[in-house]
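Encoded as structure tokens, the structure appears first; notes follow it.
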Amino acid sequence: MDIKTIKTPENLVYQRPRLLNDCTMHYCPGCSHGVAHRIIAEIIDEMGQADNTIAIAPVGCAVFAYKYIDVDWIEAAHGRAPAVATAAKRLNPERLVFTYQGDGDLAAIGTAETIHAANRGENIAIIFINNGIYGMTGGQMAPTTLEGMKTSTTPYGRRVDLNGYPLNITPLLAQLPGTCYVTRQSVETPAAVAKAKRAIRRAFDNSINHRGCSVVEIVSTCSSGWKMSPDKANKWMEQNMFEAYRPGDLKIADGDK
Amino acid sequence: MKTEIIIAGFGGQGVLSMGKILAYAGLMHGLDVTWMPSYGPEQRGGTANVTVILSDEGPISSPVLDTFDIAVLLNQQSLDKFESRVKPGGILIYDSYGVHTPPQRTDITVYRIEAMEATFDMPSSKTYNMIVLGALLGIEHIVPSESVDLALEKVIPSRHHDLLEVNRTAFRRGMELVG
Amino acid sequence: MSHSSADEAAKGAPQQEVVLMKGNEAIAHAAIRYGADGYFGYPITPQSEVLETLEALHPWDTTGMVVLQAESELASINMVYGGAATGKTVMTSSSSPGISLMCEGLSYIAACELPCLVVNVMRGGPGLGTIHPSQADYFQATKGGGHGDYHFIVLAPSTVQEMADFVGLSFDLAFKYRTPAMILADGIVGQMMEKVVLPPFRPRRTPEQIAELCPWAATGNPSRRKPNTITSLELDSAEMEKNNNRFQATYRRIEEAEQRSVSYLTDDAEYLIVAFGSVARICQKAIDDARGRGAKIGLLRPVTLWPFPEKAVAEVASRVKGILVVELNAGQMIEDVKLASRCTVPVHHFGRLGGIIPNPGEIDNELERLFPEAFPSKS
């Protein structure tokens, strides 16, 4: 059979989302960011929000998120995305406004901005990529790095007596009255991707409909930082990360849905 | 004509408010005015002072002054601090209540008023500053009483306009003290 | 004590009214009347009345202006960044320690070429310092403050009227040049009350007006254009140099067109005081007193601190015998005065530090000490 007879529109089952730009991503092979970007691009298009979205990029591996998803973006200073999103949403209340942040951005340098935006009930969605390591700067310890986990700044493994405990911030955000929907997802299997997509769509819907602050944590891999093959990283994540950061809904208070 | 005034006393005596009513009265009278407070922790019970300048000579330059045409001094600390800074030929008004060392200068006109004593007969001790203002304007007609009336309406929020009359009464009582 | 004028302003009744208010309050009234879209700030003495007045006026019920007390100055300035990035007219205010925290955000805002207004009602430092008036943030304001090669427009008000007027001027200049603008005030002009004519109410910009005026903005609605990205990141050094060259070209245009200053009795002056903000008014009284004793002294008050009015300073410096720079700091603006005057005449400094305000008499004494030949009755 000739390739041309296979590549016909009626046989098409998978394609680049319309809002995902046709350019080479800088993410490493096996990185969860690529999948997360893809489903966000799909959701914005499916919701018909391409002309109604302000996205806030972080500092960290996803600093170039604005190059990949074809909507209006604001690139925030490190940790300040929730503050930037607060003003963007309050001044443009009809827009879908979301931040896309890693564990260092959200749970270390930007903890104050995260907690206060969530506690004020800002009508934004926070997409939180938790891979337990600083990928962009070369694999240093993150606030979410697991006990015993080796990073370039914990070369013998994280010790709580030296480095403190892993910060499990999402349940903390779920306690705040300003959050309406807090969930923990992952994107390592097709089923998990489908679930994560539903969660992000729900969070975006909450932003548009002013239901409060939504937080979608995506427990992720960093095969480069973890020094593992993508496949092994997925398995390691399921065995270790899921124990500390168990996937599932942490809070559902966004009304009848 | 430009009049440079210092009002000083304890925080809580209404020194800053009195200065504000005087400044607003100047504004209602068509004058240029500045009101410059000492601000900060002084407002929490220490000494407080405010410089008020009223002028019909155009924009006022320095809000901060070395010397004053009129000093209204409502406690001993303020007397000690500002007596020497009244211009020769100027006016010093002080409340004798709690003052153990009266002013000594002879090159200025000194008025002793019993405003605190008068307050004891008033329905509200909070009108002390209006008695003092009445005494000040009774001594020196810087602005007309009608302007003070208008200023009170501006300075007191409309939801508290039931307090206008008690303030006006206190103001008249102050004028009587020196009348 | 609140103002009845505040209630009136909220109702939007009179278009122009003469009121007595503090400089900080004037900032708040002027922002609403200009049609500002948002204010984001954190309380700090001596400027908390800006936020307090805005909250009391609740403009969200009238003009639709957003007012938010943020969790920190870091959050405040990044809210300003977020709002400005969407093309909105936004501002914050703080005092010296808070402005230090904002310098990170200011660097980003300058790098993204976004318009906004930042008000600094200076207090004495360094560190937590004092709550009393100071001008010790001149370097921070005019030389950058945050990291990288950038400037923003800095206006120094000396009256409550100018506190009100400079809000609109700052926003106009900020949008004209796509740069932050700062009102660099001090505790004196922030806390003192004066007669002020409030500007008339203007409507806030419509989304259509923003789309036309700010085609670069991330408004979230790219339907008639390509999506916009607001970012300061450019990893390609050659491209980043081009960005920097573009910033510098803007700064040269601003330096050429926007120098502002006010002269007082400089025509026949033999000696000159250069001072900004409220200190210039103290100096004006000192000059009046000195002139009463025959000393021909003039005053030049820079209104824009950046761009520094170097043309005006150079012109007067060329025909006087000496210059005294008076500041509430240990000698900051004097550097720009020396550069502008090319050191052709002696330039002296007099400063009080840490929140102390000099009286006019202190400045007169300094004039007599430095320039005894200027006082004929003395010699």
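Keep in mind it's a predicted model, so treat the numbers as computed, not measured. Just so it is clear: chains get the letters A, B, ... in the order the sequence lines come, proteins before strands, and each one is counted from 1. The analysis underlying the following values was restricted to heavy atoms, covering all of them including side chains, and did not include hydrogens, waters or symmetry mates.
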Choice from C:Ala217, C:Gly38, C:Ala75 maximising heavy atom contacts with chain A below 4.5 Å = C:Ala75
Could you check which of A:Lys89, A:Gln49, A:Glu75 has the highest count of heavy-atom pairs closer than 4.5 Å to chain C?
-> A:Glu75
Select, from C:Val90, C:Leu68, C:Val66, the one with the greatest count of heavy-atom pairs under 4.5 Å involving chain A.
-> C:Leu68
Residue part contacting chain A, namely of C:Ala84, when any heavy atom lies under 4.5 Å | neither
C:Leu128 side, atom CG; C:Ser96 side, atom OG - distance, nearest 0.5 Å | 11.0 Å
Pairwise distance CG(A:Asn130) to CD(A:Gln185) - rounded to 0.5 angstrom = 13.5 Å
Do you know which of C:Pro222, C:Ser232, C:Ser76 has the most heavy-atom pairs under 4.5 Å to chain A?
-> C:Pro222
Checking heavy atoms, do the side chain of A:Thr53, its backbone, both or neither come under 4.5 Å from chain C?
-> backbone
Answer with side chain, backbone, both or neither: which region of C:Arg204 has an atom nearer than 4.5 Å to a non-hydrogen atom of chain A?
-> neither
Aromatic centroids of C:Phe247 and C:His151 separated by under 6.0 Å = no
Are there more than 12 heavy atoms of other residues, nucleotides or ligands under 6.0 Å from atom CZ of C:Phe139?
-> yes
Before accepting this row, confirm whether a basic side-chain N of the pair A:Asp70/A:Arg18 lies closer than 4.0 Å to the acidic partner's carboxylate O.
-> no
C:Leu235 portion near chain A, given a 4.5 angstrom heavy-atom threshold = side chain
Do A:Arg202 and A:Tyr181 meet the cation-pi criteria used here (NZ or CZ under 6.0 Å from the six-membered ring centre, within 45° of the axis)?
-> yes
Atom group of A:Arg90 that falls short of 4.5 Å from chain C, counting heavy atoms = both
Side chain, backbone, both or neither: which part of C:Ser107 has a non-hydrogen atom closer than 4.5 Å to chain A?
-> neither
Pick from C:Gly220, C:Pro227, C:Ala218: which one has the most heavy-atom pairs with chain A under 4.5 Å?
-> C:Gly220
Which portion of A:Ala81 sits near chain C, non-hydrogen atoms under 4.5 angstrom | neither
Ring pair (Phe, Tyr, Trp, His ring centres under 6.0 Å) with A:His37: which of A:Phe64, A:Tyr66, A:Tyr27?
-> A:Tyr27
Output the option from C:Met65, C:Glu71, C:Arg224 having the highest count of non-hydrogen pairs under 4.5 Å with chain A.
-> C:Glu71
Should the heavy atoms of other residues, nucleotides or ligands under 6.0 Å from NZ of A:Lys227 be counted, would the total exceed 12?
-> no
Okay, side chain of A:Asp72, backbone of A:Ile54: is any donor-acceptor separation there less than 3.5 Å?
-> no
